Amino acid sequence: MIKVANLRKSYGRLEALKSISFEVEKGSVFGFIGRNGAGKTTTMNILTGLIRFNEGKIFIKGKDFLKNKQELIKSIGYLPETPTFYNYMNAYEYLNFVGEIIGCDLKKSSKSVGKLLETVKLAKQGKRRIGGYSRGMKQRLALAVAFMNSPEILFLDEPASALDPEGRVEMLELIEGLKDDKITIFLSTHILNDAERVCDKICIIDEGKILLTKNLSQLHETYIQPIFDVEFEEDPKNEVDLLKKLSWIESIKENGRRISIYVKDIDYAKSEILKEISKLNTNVTSYQIRKSTLEDIFMRIVSKNEII
Amino acid sequence: MKSFKAYFKKEILESVRTNKYLILFIGIVFWALLDPLMLKLLPLLMKNYLPPDIAVMFSTFTRDTAFQTFLNDLFQIGTLFIAFTLMGLLSNEVSLKKLVFPYSRGANPAGVVLAKYIHYTVTISLFILIAFLTNYFYINRLFTGGILSIEIVLKSSLLYMLYYSVLLSILLYLSSLLKRGIIAGITVLVLGYTLSIFNQFKVVRAYLPNYLLLKAADIGYIFDNSLISTVIISFCIIILLVFFSILRMKKIDVA
Amino acid sequence: MIHITVIDINFIITEILRLLPFFIPIIIIQYGLMIFALVQLFKNEAAYLPKWGWALIIIFINIIGPVVFLIIGKKKEIEND
Ligand SMILES: Nc1ncnc2c1ncn2[C@@H]1O[C@H](COP(=O)(O)OP(=O)(O)OP(=O)(O)O)[C@@H](O)[C@H]1O
Ligand SMILES: [Mg+2]
C-alpha cells in the first residue's frame, strides 16, 4: 500500500531523515515508534504531501506519490500531531468546509457531519466555536476530519496524546474496528502498550534512521529473551557491578532497589542467576522472570543505537 | 473549483467573524463622510483665527477640490487600513499551520489563492464604490462650483479599484513569500507611498500603478490615452503576481 | 485683533445647524464602532495590553482606537493552537 525507499529530509543542516525505507501492507496497522525528535512527524508530513523532501521514492497504491499527488491524496486521511482549525468556525462549519474541499455531496455530507461528530463524541459541542475547544476536543474533531470521505489510508500521529483514559480506549477500539474494514493505518505513538495491542507491524525509528521493521509476532520471537526482575531489600549499589562482569549477562538496568537483568543465554541464566545473586551482600525480596514487552524491546534497541 | 468555492465561503465567514468587513468598511467609507464635513467646518470655526490668505484658500473649495482632497485622504488612510487588515492573507495560513487539513484533504492551491484574491478585490471595490458615491452625495450638499459629475466620480472610482487590485496582488504575493505578515504589510505601504513620488516625473509615471491615482484626480480628463499603458501594466502585474502566488503556494511546506 | 460680530455668530450657528444632519451618520459610525469594540473587549480575552488599557484606547482614540483593537487586540483570533 505504501512503499518508501531511501527517503531523506533535512531541515537546513539538521538531517531529520537519513535515508529511510519501509513498506506498509494493505489493511494492516503500521506502528511507528521512536523517541521525541526521532522523525516520526516529519515522515508523516511527507507521506501526506504537506512538506517536501530531499531524496527518495514514495509509492502509494503502487503509484509514484509525487506524480499522482492530487489523485492519491484523496484516499488519505491525516490526524496531525497538533491539529489547527479556523478558530472562528464551529465544528459543523469546519467539517462542511473540508467536505466542500473534498467534494462530498453537501447534503450527504451535512447528514454525515452530524454522524461523524457523534462518532467522535463531539455532537453536543458541535455548535461551539473551535477556538474555545480543549486539546482533547480538538483531537477528536481532527479525527473526524481525517475520517471524512472514508479514506483508504489513515495517518494517525499520536492520536491519543490529548485524550482522557476513556477516549484512549475508544481510540484503540476504533483502530481495531478500522482494521476489520481493511483500512491501512499508519500510527505513531509513545504508548507502547497501545502499539502492542493494535499493530501488526512495528517500525522503530531513532535519530532519523530506521532501526528495525518487523511483524509484531516476529519481534516477540526474535526478542523473546525473558527479563529477570530482582528486587533487593536495600539499594544494591556497587553489588550490581559484580553481576555485570559475568559473561552471560548482557546488560542490567538499575532502578533503585530493583534491577532488570538481560541475559544472552536463557537456559544457562535460569540455572545460574540465583546462585550469583545469593553471593551478593544483600537480601532479595522478590525475583521474577518476565516476558519482554514491546517497551523492553524498544528500550534495548534504542539504547544500543545510542552506544553506536 | 471546489477549493475555490470552499475558500470563498470561508473568507466571507472569516471577514464577518473577525470583523474584517467592518474594519475595511470604516477604513474606506468613513473618510468619504468625514472629509467634506471637515473641509466645510474647519474654515467656519477658524475663520477669525486664520491669516486672511489661508482663510481665502479654505473658502475657495469647490466640489472638485473637495473631491480631490477626499481622493488623497482615501489613498493615505485607506491604504493603511487595507495593508494592515490583509497583511496575513497567506502568511498567517501557512505560519499558523491552518492549511494542514485543507491540503491533506486535497485542497487546490490555485483555488485557495484565487478565492482569497477575488474575494478581497470584490470587497474593496464595492466599498470604494460606496465611498465614492457617498462622498459625491455629501460634496453636492456642502459645496458648489466645479464640474464634478456622477460620471466623473464613477470613472475615478474605477481607477481606484484597479489601483487597489494591484496593491492587493502585491500584498498577496509578499504574504505568500514572507513568514510574517507585518513585513508584507509594511512593504506594501512603503511601496504604495513611495511610488507616488514618481508621479512628478512625466517620463516614467505612466508605467507605474500610482499614475492611476493621479489620473483619478484629474477631473475632466480622467480617461485619456496616457492611461492605456498604465492599465495594461496594472493588469500584467496582477496576473503575474497572482500566478506567482499560486506557484509559491503549490510548493510551500504547510506543516 | 480678534473680533466676532453678532452677524458672524449667527452665521456660524445657522451653518452648523445646517450641517448637523450630515454629522449623524458619522456619529453613529463612531459611537457604534466604539460600543461594538467595547462589547468585543468585554467578551474576549485581550492581547498585549490589559483590558482597561484597551478600554481607554477604544474610548479616547476616535475610530483608530477601536480599529486597532479589532485588528490586533483580540486574543482568540491570533492564538496559535
Ligand atoms: N520545521 C522544522 N524546522 C527545523 N527542524 C525541524 C522542523 N520540524 C522538525 N524538525 C526537527 O526534525 C527532527 C524530527 O522531528 P519530528 O517532529 O519528526 O520528531 P517526532 O519523531 O515526531 O518527535 P515527537 O515524538 O516529539 O513528536 C527533530 O530533530 C526536529 O527538531
Ligand atoms: Mg511528532
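Fair warning: this is a prediction, and the values are worked out from it, not measured in the lab. A, B, ... follow the sequence lines: proteins, then strands. Residue 1 opens every chain.
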| task | Look up atom CG in C:Leu19 and atom CG in B:Leu142, then write down how far apart they are to the nearest 0.5 Å. | result | 6.0 Å

| Does the side chain to side chain contact (heavy atoms under 4.5 Å, CB included) test come out yes or no for C:Ile29 and B:Leu33, once each step is laid out? | CA-CA 10 Å; C:Ile29 290 181; B:Leu33 301 171; 3.8 Å; yes

| message | Counting only heavy atoms from other residues, nucleotides and ligands, does the tally under 6.0 Å from OH of B:Tyr193 exceed 12? | response | yes

| request: Work out which heavy atom in B:Phe84 is nearest to a heavy atom in C:Ile71; give both atom names and the distance. | output: O-CG2, 4.0 Å

| Test item: B:Phe30 and C:Ile26 side chains (from C-beta on) under 4.5 Å apart, heavy atoms | yes

| Given side chains that start at C-beta, do those of C:Leu33 and B:Phe25 come closer than 4.5 Å, heavy atoms only? | no

| said: For the CD1 atom of B:Ile23 and the CZ atom of C:Phe69, what is their distance to the nearest 0.5 Å? | reply: 10.0 Å

| Is chain C contacted by the side chain of B:Leu37, its backbone, both, or neither, given a heavy-atom distance below 4.5 Å? | side chain

| query | Tell me, side chain or backbone of B:Leu22 under 4.5 Å from chain C's heavy atoms, or both, or neither? | reply | side chain

| Considering only heavy atoms, which portion of C:Phe23 lies under 4.5 Å from any heavy atom of chain B: side chain, backbone, both, or neither? | both

| query | Measuring from B:Asn19:CG to C:Phe36:CZ, what's the distance to the nearest 0.5 Å? | reply | 4.0 Å

| query | Taking C-beta and beyond as the side chain, do C:Arg18 and B:Lys40 meet within less than 4.5 Å on heavy atoms? | reply | yes

| query | Are more than 12 heavy atoms from other residues, nucleotides or ligands located less than 6.0 Å from atom NZ of B:Lys5? | reply | no

| Under 4.5 Å from a heavy atom of chain B, the part of C:Leu70 involved | both

| task | Please report the closest heavy-atom contact between B:Tyr138 and C:Phe22, naming both atoms and the distance. | result | OH-O, 2.6 Å

